[in-house]
Amino acid sequence: MHLVLVDGSSFIFRAYHALPPLTRKSDGLPVGAVSGFSNMIFKLTEDLKGENEPTHFAVIFDYSGTSFRNELYDQYKAHRPEAPEDLIPQFPLTRAATRAFCLPSIEQEGYEADDIIATYACQMRDRGGKVTIVSSDKDLMQLIDDDHVQMLDTIARPGQPPMRWMGPEEVMKKFGVTPDKVVDVQSLCGDPVDNVPGIPGIGVKTAALLINEYGDLETLLARASEIKQQKRRESIIEHADLARISKKLVQLDCNMPLDVPLDDLVRQPLEAKTLIPFLKAMEFTSITRRVASVLEIDPDDFEPDAELAAKGASIPGAIDVSDGPAPASGVAGPDAHAEKVLEAIRAIPCNLDDYEIVRDETALANWIADIVATGHVAVDTETTGLDNQAADLVGICLSTRPGKACYIPLGHTTGNDDMFGGGRAEGQMDMRLALDMLRPVLEDPAILKIGQNVKYDMGIFARYAITMAPIDDTLLMSYALDGARNNGMDALALRWLDHTCLKFTDLAGTGKNQLTFDKLEIEPAAKYAAEDADITLRLWHILKPRLVAQGVTTVYETLDRPLTPVLARMEARGVSVDRQILSRLSGDFAQRAAALEETAYELAGEKFNLGSPKQLGDILFGKMGLEGGTKTKTGAWATGASVLDDLAAQGVPLAQTILDWRGVTKLRSTYTDALPSYINERTKRVHTSYNQASVATGRLSSNEPNLQNIPIRTEDGRKIRTAFIAAPGNLLISADYSQIELRVLAHIADIDALKDAFEEGLDIHAMTASEMFGVPIEDMDPMVRRRAKAINFGIIYGISAFGLANQLGIARSEAGEYIKTYFARFPGIQDYMAEQRRIVKAQGYVSTIFGRKIPFENVNTKNPSERAFIERASINAPIQGSAADIIRRAMIRMERILTEENVPADMLLQVHDELIFEAPADKAEQAIPIIKRVMEGAAEPALRLSVPLQVDAKAAENWEAAH
DNA sequence: CGTTTCCCTTA
DNA sequence: GTAAGGGAAACGC
């Protein structure tokens with residue numbers, strides 16, 4: 001008899017870390033570890049053919065959660081990082097893979113895989129059979145014995161044979177003792193990986209020495225006083241208990257009650273009809289081929305496993321629809337699954353009276369127990385305002401399953417009549433107590449927190465020292481699915497549930513008399529609040545399977561969701577803005593505006609409102625009778641900058657005066673006057689808010705205040721940037737991608753000339769001009785270069801002769817000639833454009849290089865201008881969007897790498913192709929190369945761009961100087 | 001008092 | 001020609 005026990009968990013982690021990420025082609029389900037795992041299992045079954053052929057065979061997994069060892073020692077495996085996000089959905093699939101190979105998949109609650117392995121091994125040994133443990137985990141070496149139990153390490157290591165059998169000899173090499181004494185050695189030396197303490201100051205070598213001298217741990221501890229070395233003796237005496245605890249942690253349990261008896265592990269032959277459908281559902285083509293050839297069957301005779309193909313990632317806690325009625329269409333697959341879930345959720349009534357108000361510890365404890373049992377919870381916070389850096393927590397809502405939700409009032413006040421805001425309302429828990437109870441749940445890596453716009457709640461909780469993780473966000477899910485539509489909760493509730501949510505304004509009123517949430521009566525507030533949590537949870541159930549069905553899981557999980565905590569931290573940090581500089585500038589601008597106003601009145605011959613386009617139009621084209629005025633679409637005179645520029649060039653001094661006036665008043669009203677009002681009382685810094693789901697292409701947007709449109713072009717404008725300063729003792733670092741969109745275009749459209757130019761570090765606009773107009777790059781006429789630059793930008797924007805002519809102030813026919821010349825020289829660009837036009841019409845969306853979908857409505861419109869607009873936007877979207885994806889990737893990994901490199905630089909702002917950091921003055925130069933490296937390598941390893949990315953970075957006291 | 005239009009700022 | 005946010009005037013209730 002020969003029993004083979006595979007340490008399944010170590011296979012999974014090895015497969016995950018050793019292989020590049022792999023996702024299922026059809027829907028982006030992460031399957032890299034499943035693929036590696038399947039390969040390893042298959043290879044193992046092949047390698048064990050012949051004289052080693054097993055009679056019994058099983059794969060053993062760790063049961064998720066804690067084991068009895070945690071009760072012995074709460075720090076056991078405490079430092080173990082949680083599994084990566086894209087690995088978690090692969091765990092159930094590896095179990096499925098095991099079963100597909102006709103192998104028993106064994107795991108048992110409360111026990112680690114090692115204990116299960118130990119128990120089976122002992123039973124087989126006692127029967128006189130042979131045991132092979134397939135693992136590279138040294139903790140299992142205690143099970144090795146001379147005749148019966150050996151280990152097999154199949155993990156590939158450079159310079160070593162692919163299969164390494166391990167017996168007592170290898171144990172002696174590793175631990176310096178015979179296998180039966182491994183436990184004693186480990187009890188002494190401990191194990192930092194599993195956080196087994198051992199005795200401080202004793203390593204493997206010393207431990208082996210001591211055990212070999214004294215025989216075993218207890219004898220050693222009893223006779224510790226005989227040890228000659230003082231330090232060692234004292235440490236052992238002092239920490240004897242630690243060694244005893246360590247022994248219990250390390251000692252594997254050979255007598256645990258097994259759910260599956262040894263006899264049930266009898267080896268079954270591989271069966272094509274179970275294995276091939278699994279492999280096909282996973283879309284593992286090469287292993288399918290190899291298996292088919294070994295089994296001598298034709299894989300085409302088998303269909304993919306419908307349930308696995310449809311189900312995609314098994315979602316913890318997902319509504320079970322496996323027994324539900326088939327949808328009308330009868331089509332199986334991820335779409336059908338998503339539709340079933342939608343129907344199931346919609347069938348659950350939404351009753352506001354069912355919601356609970358949690359007012360005491362007992363009620364909250366019940367909810368927490370429910371959350372722990374469920375493994376996920378929808379969370380929503382209610383606060384005193386929309387700015388999460390200024391607002392205070394008023395209450396928390398939770399929902400664990402559709403229709404079941406609660407509201408926990410914590411900060412409601414009474415007596416809205418008295419000017420002090422009244423006292424604390426009755427029937428509320430102490431906020432500190434409630435938060436202390438909820439903190440372990442909100443921070444538990446095993447409990448998923450679901451929200452709608454989670455970044456807001458993360459920001460609130462962060463101010464109460466709670467780090468909410470891990471998360472799912474229905475706003476971001478909807479964004480990944482449907483793009484920058486209205487993805488607000490009210491809209492989603494209506495779209496997916498036909499449900500109209502209670503309106504906040506109905507409770508609180510509108511305008512300047514609107515009440516803040518803390519002023520609301522608890523009972524009506526609770527209905528509104530709990531409804532939000534209920535709806536959020538329902539939306540999560542509905543949207544999650546749709547991500548799989550629509551093939552956007554990877555986008556959501558790698559580009560959208562992980563960015564949320566990063567942005568939450570950036571928002572919380574804020575940026576320092578110098579009030580004095582702005583105030584001085586404001587005065588300066590005001591003075592100049594006043595002078596310009598006087599001039600304007602004189603030139604116009606009357607006083608009028610310079611800020612009124614209507615009045616200005618009347619004066620210019622009415623009273624002064626100027627020619628060439630055009631009307632806007634509402635029939636008013638157009639007075640935009642281009643119109644005034646023309647007039648000024650024709651010698652109308654008033655036009656230039658207005659332009660200058662608009663320049664300074666714009667700077668004053670939008671920047672110098674508005675920015676100081678955003679300085680937060682508490683932090684003395686300005687905290688913008690990033691909208692992660694509002695831009696169609698995947699860019700971020702920034703508001704309240706918008707820090708992505710701070711002036712830079714004009715000299716006056718740049719002065720405003722000098723007010724963005726580093727905190728004392730620090731510097732700001734600005735790092736920006738050079739020409740990222742043109743580089744992305746060169747990659748996507750595969751334009752050799754552009755790629756070569758970037759590779760050689762040429763001036764890309766000069767090179768374009770040289771190619772188009774046949775002039776040398778050296779000593780180029782700036783006007784020629786300017787034309788080429790406009791064309792390059794035009795290409796990115798989905799060029800039209802009309803637009804280019806406008807931009808360059810030339811005739812449309814001439815612009816058309818330029819474009820023709822350009823396309824003749826770079827035909828690949830024209831192909832790219834045609835392809836995007838085709839794609840958007842065929843499928844209703846275009847995609848970035850990382851798979852983000854940018855949907856368009858009315859793609860088959862007959863309206864020529866609307867059609868042209870959609871075409872231009874769909875040419876631009878993959879370029880702008882891919883660049884946006886790249887900087888997102890950089891941001892997601894930036895903080896971890898800076899931390900690892902021990903460089904304390906804080907990421908503060910993002911401006912599409914630029915990141916702003918704040919770092920101690922003496923660390924800034926150290927940070928710059930790291931920041932550049934992360935940004936320039938941000939596409940990898942998912943993609944290898946065919947052009948280099950270039951980042952320029954500089955540190956200085958203020959943003960103007962750093963840029 | 002809320003919404004739309006016009007204009008202007010950024011990448 | 002792409003993608004945003006926002007201030008002030010104008011409009012509409």
Contacts of type ring-ring contact (aromatic ring centres under 6.0 Å, His included), residue A/F724, not counting sequence neighbours: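 With sequence neighbours excluded, A/F724 shows a ring-ring contact (aromatic ring centres under 6.0 Å, His included) to A/W959, given in chain and number order.
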Interatomic distance, [X] [atom1] vs [N] [atom2] [rounded to whole Å]:
| X | N | atom1 | atom2 | value |
| --- | --- | --- | --- | --- |
| A/R852 | C/dA3 | CZ | C1' | 14 Å |
| A/H912 | C/dA3 | NE2 | C1' | 7 Å |
| A/R837 | C/dG1 | CZ | P | 16 Å |
| A/N792 | C/dG1 | CG | P | 18 Å |
| A/I819 | C/dG1 | CD1 | C1' | 9 Å |
| A/E741 | C/dG1 | CD | C1' | 13 Å |
| A/Y797 | C/dG1 | OH | C1' | 9 Å |
| A/L700 | C/dT2 | CG | P | 21 Å |

Run the numbers on A/H963 and A/R718 for side-chain contact (heavy atoms from CB on, under 4.5 Å), then give the verdict. CA-CA 10 Å; A/H963 190 81; A/R718 275 198 297 279; over 6 Å; no
Would A/K455 and A/D473 satisfy salt bridge (Lys or Arg N to Asp or Glu O under 4.0 Å), going step by step from the backbone distance to the final call? CA-CA 9 Å; A/K455 179 160 63 64; A/D473 191 333; over 6 Å; no
Please work out if [X] contacts a base, only the sugar-phosphate, or nothing of the nucleic acid, heavy-atom cut-off 4.0 Å.
| X | value |
| --- | --- |
| A/G511 | sugar-phosphate |
| A/S800 | base |
| A/A636 | nothing |
| A/F793 | nothing |
| A/T665 | nothing |
| A/I710 | sugar-phosphate |
| A/A484 | nothing |
| A/R713 | base |
| A/A641 | sugar-phosphate |
| A/I799 | base |

Report the C-alpha separation of A/R889 and A/I887 in whole Å, then their side-chain angles, then the decisive distance to 0.1 Å, and conclude whether the side-chain contact (heavy atoms from CB on, under 4.5 Å) test is met. CA-CA 5 Å; A/R889 290 173 60 90; A/I887 197 166; over 6 Å; no
Just by protein heavy atoms under 4.0 Å, how would nucleotides 6-13 of chain C read 5' to 3' in B, S and -? BSSSS---
Do A/I810 and A/R787 pass the side-chain contact (heavy atoms from CB on, under 4.5 Å) test, and can you show the C-alpha distance, the side-chain angles, and the key distance before you say yes or no? CA-CA 10 Å; A/I810 57 177; A/R787 258 174 271 167; 5.6 Å; no
Excluding sequence neighbours, so at least two apart, what forms side chain to side chain donor-acceptor pair (under 3.5 Å) with A/Q615?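 A/Q615 satisfies side chain to side chain donor-acceptor pair (under 3.5 Å) with no residue once adjacent residues are dropped.
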Just to verify, what does A/N858 make a side chain to side chain donor-acceptor pair (under 3.5 Å) with, not counting sequence neighbours?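 With sequence neighbours excluded, A/N858 shows a side chain to side chain donor-acceptor pair (under 3.5 Å) to A/E866, given in chain and number order.
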Of the non-hydrogen atoms in A/A938 and A/Y737, which two are nearest, and what is the gap between them?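 Looking at all heavy atoms of both residues, the shortest contact is CB-OH, 3.8 Å.
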Does the side-chain contact (heavy atoms from CB on, under 4.5 Å) test come out yes or no for A/Q692 and A/L476, once each step is laid out? CA-CA 8 Å; A/Q692 210 188 331; A/L476 300 184; 3.7 Å; yes
Can a cation-pi geometry be assigned to A/K614 and A/W637, taking NZ or CZ under 6.0 Å from the six-membered ring centre and within 45° of the ring axis?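 No, A/K614 and A/W637 do not form such a contact.
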Is there a side-chain contact between A/R592 and A/D716 in this structure, where contact means two heavy atoms from C-beta onward sitting under 4.5 Å apart?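 In short, these two side chains touch, coming nearer than 4.5 Å.
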For C/dG5, take OP1 and OP2 only and decide whether either is under 4.0 Å from a side-chain N or O of A/S701.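 A/S701 to C/dG5 OP1/OP2: side-chain N or O found under 4.0 Å.
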Worked check of salt bridge (Lys or Arg N to Asp or Glu O under 4.0 Å) between A/K623 and A/E606: CA-CA 10 Å; A/K623 180 175 176 183; A/E606 63 176 293; 3.0 Å; yes
So, A/F826 versus A/Y822, ring centres under 6.0 angstrom or not?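 Aromatic pair counts; centres sit under 6.0 Å.
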Give the residues of residues 855-875 of chain A touching DNA chain C, defined as any heavy atom closer than 4.0 Å, sorted by residue number.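 A/F869, A/R872, A/A873 - these, ordered by number, are the residues of the stretch whose heavy atoms sit under 4.0 Å from the strand.
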Of all nucleotides in DNA chain B with an atom under 4.0 Å from a non-hydrogen atom of chain A, which is the first and which the last going 5' to 3'?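 Contact span on the strand: B/dC1 to B/dA11.
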